[in-house]
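For reference, the structure discussed in these notes is given below.
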2 protein chains.
Amino acid sequence: MAGMGDDHAGHDHVWADDLTKNQGLVLGTLAHSDGPLSAYDILDKLREDGLRAPLQVYRALDKLMERGLAHRLESLNAFVACADANCHRRGLIAFAICEDCGKVDEFADPLIDERLGVWAGARGFAVARTTMEIRGKCANCAAA
Amino acid sequence: MAGMGDDHAGHDHVWADDLTKNQGLVLGTLAHSDGPLSAYDILDKLREDGLRAPLQVYRALDKLMERGLAHRLESLNAFVACADANCHRRGLIAFAICEDCGKVDEFADPLIDERLGVWAGARGFAVARTTMEIRGKCANCAAA
DNA sequence: ACGTTACATGTAACTGTATTACATAGCGTT
DNA sequence: AACGCTATGTAATACAGTTACATGTAACGT
């Protein structure tokens with residue numbers, strides 16, 4: 001790996017141990033960011049680590065999302081690391097996105113999940129995955 | 001208006017009567033489609049009606065969405081006409097999207113909406129708008 | 001009638017997001 | 001060594017959305 005001051009893949013990972021180099025770089029970048037990043041944001045931050053093309057980032061993101069280590073925010077075309085370090089989450093995950101400061105709060109609500117199951121059951125709809133994103137102002141920014 | 005075989009704005013509108021020409025064209029296109037359309041899909045269908053640039057479509061979509069006559073599906077980068085003809089809906093609107101046939105089912109669930117209100121209230125989060133999209137297979141496609 | 005304001009429109013160029021196609025490299029198995 | 005599998009590298013392209021600027025048009029006040 002090219003010289004770097006901050007080698008995520010080398011020692012900075014407390015996540016899964018079997019990430020590939022690019023997956024480690026991308027997850028490290030997301031984990032250290034205080035807000036969501038677009039794929040191109042990630043790419044820019046990783047140029048000095050040798051990444052050059054969007055596809056390298058998208059490939060890593062796909063794998064990370066498969067494993068639940070990262071999530072995509074559809075309404076932002078951006079990505080975040082999973083807030084649950086060892087990702088024990090199941091079922092629906094929702095995100096509250098502050099439009100002022102950009103912070104994202106990830107949460108799971110079993111009741112909403114169940115309610116969704118009821119709707120789907122009644123319709124015979126087979127749910128594969130659900131995205132739920134709330135836009136607005138976090139408590140901090142609403143106060144200001 | 002340039003000659004056209006299918007003048008939505010002229011006679012085809014049962015929606016609001018005060019839509020502009022482009023808004024009428026775009027809403028007509030969405031309403032006649034049996035699935036979601038991207039902005040560029042819409043543009044292609046409206047070239048013969050004189051539209052030439054993406055911006056013309058995006059501008060119309062913005063106005064239609066402001067009025068609740070159209071919705072954006074974030075996970076698809078696509079748009080649909082509101083299923084409720086005169087759009088009496090309030091609060092959270094959810095979409096079930098079939099990944100097989102592409103059909104979209106729009107519904108509102110007050111309980112989910114309320115549950116969301118509880119979460120937001122507890123956190124001091126001021127909700128501006130919520131997007132909820134379920135991906136999976138509709139009853140028809142699940143059967144096949 | 002004239003200028004002013006407000007809003008809808010038209011056009012081009014551009015930025016940002018994501019995928020396709022093809023080539024290369026590493027590793028475990030046989 | 002040859003094979004299959006997965007990860008990588010690179011370029012080119014497709015798709016989505018915005019910025020900047022010019023024009024049209026109808027309502028309003030003077």
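Throughout, a chain's letter reflects where its sequence line sits, starting with A, and its residues are numbered from 1. Nothing here was measured: the structure is a model prediction, and the numbers come from that model.
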What nucleotide among [options] has an atom nearest to a side-chain atom of [X]?
{"X": "A/Ala53", "options": "D/dT10, C/dA18, D/dG17", "result": "D/dT10"}
{"X": "B/Leu51", "options": "D/dG9, C/dT11, C/dG10", "result": "C/dG10"}
{"X": "B/Pro54", "options": "C/dT11, C/dT19, D/dT18", "result": "D/dT18"}

Spacing between [X] atom [atom1] and [N] atom [atom2], to the nearest angstrom:
{"X": "A/Glu74", "N": "D/dA16", "atom1": "CD", "atom2": "C1'", "result": "14 Å"}
{"X": "B/Arg72", "N": "D/dA16", "atom1": "CZ", "atom2": "C1'", "result": "8 Å"}
{"X": "B/Gln23", "N": "C/dC7", "atom1": "CD", "atom2": "C1'", "result": "11 Å"}
{"X": "B/Lys21", "N": "C/dA8", "atom1": "NZ", "atom2": "C1'", "result": "10 Å"}
{"X": "A/Leu46", "N": "D/dG9", "atom1": "CG", "atom2": "P", "result": "11 Å"}
{"X": "B/Leu55", "N": "C/dA13", "atom1": "CG", "atom2": "C1'", "result": "12 Å"}
{"X": "A/Lys63", "N": "D/dA7", "atom1": "NZ", "atom2": "C1'", "result": "9 Å"}
{"X": "A/Leu43", "N": "D/dT8", "atom1": "CG", "atom2": "P", "result": "15 Å"}

Check: Ion pair present between A/Glu99 and B/Arg129, side-chain N to carboxylate O less than 4.0 angstrom?
Finding: yes
Check: Do NZ/NE/NH1/NH2 and the carboxylate oxygens of A/Arg67 and A/Asp18 come within less than 4.0 Å?
Finding: yes
Next item on the list: Pick out which of A/Asp105, A/Val80, A/Ile134 makes a side chain to side chain contact (heavy atoms under 4.5 Å, CB included) with A/Phe95.
Entry: A/Val80
[X] side-chain N/O to [N] phosphate OP1/OP2 under 4.0 Å:
{"X": "A/Thr20", "N": "D/dT8", "answer": "yes"}
{"X": "A/Arg52", "N": "D/dT10", "answer": "yes"}
{"X": "A/Gln56", "N": "D/dG9", "answer": "yes"}
{"X": "A/Asn77", "N": "C/dA18", "answer": "yes"}

Next item on the list: By nearest nucleotide on DNA chain D, pick out whichever of B/Arg59 and B/Ala78 is the more 5' one.
Entry: B/Ala78
Check: Just checking, is any N or O donor in the side chain of B/Glu133 or B/Ser75 under 3.5 Å from an acceptor N or O on the other one?
Finding: yes
Notebook entry, point to check: Is the number of heavy atoms from other residues, nucleotides or ligands under 6.0 Å of A/Asn140 CG greater than 12?
Noted result: no
Next item on the list: State whether the aromatic ring of A/Tyr40 stacks on the base of C/dT17, taking stacking to mean ring centres under 5.5 Å apart and ring planes under 30° to each other.
Entry: yes
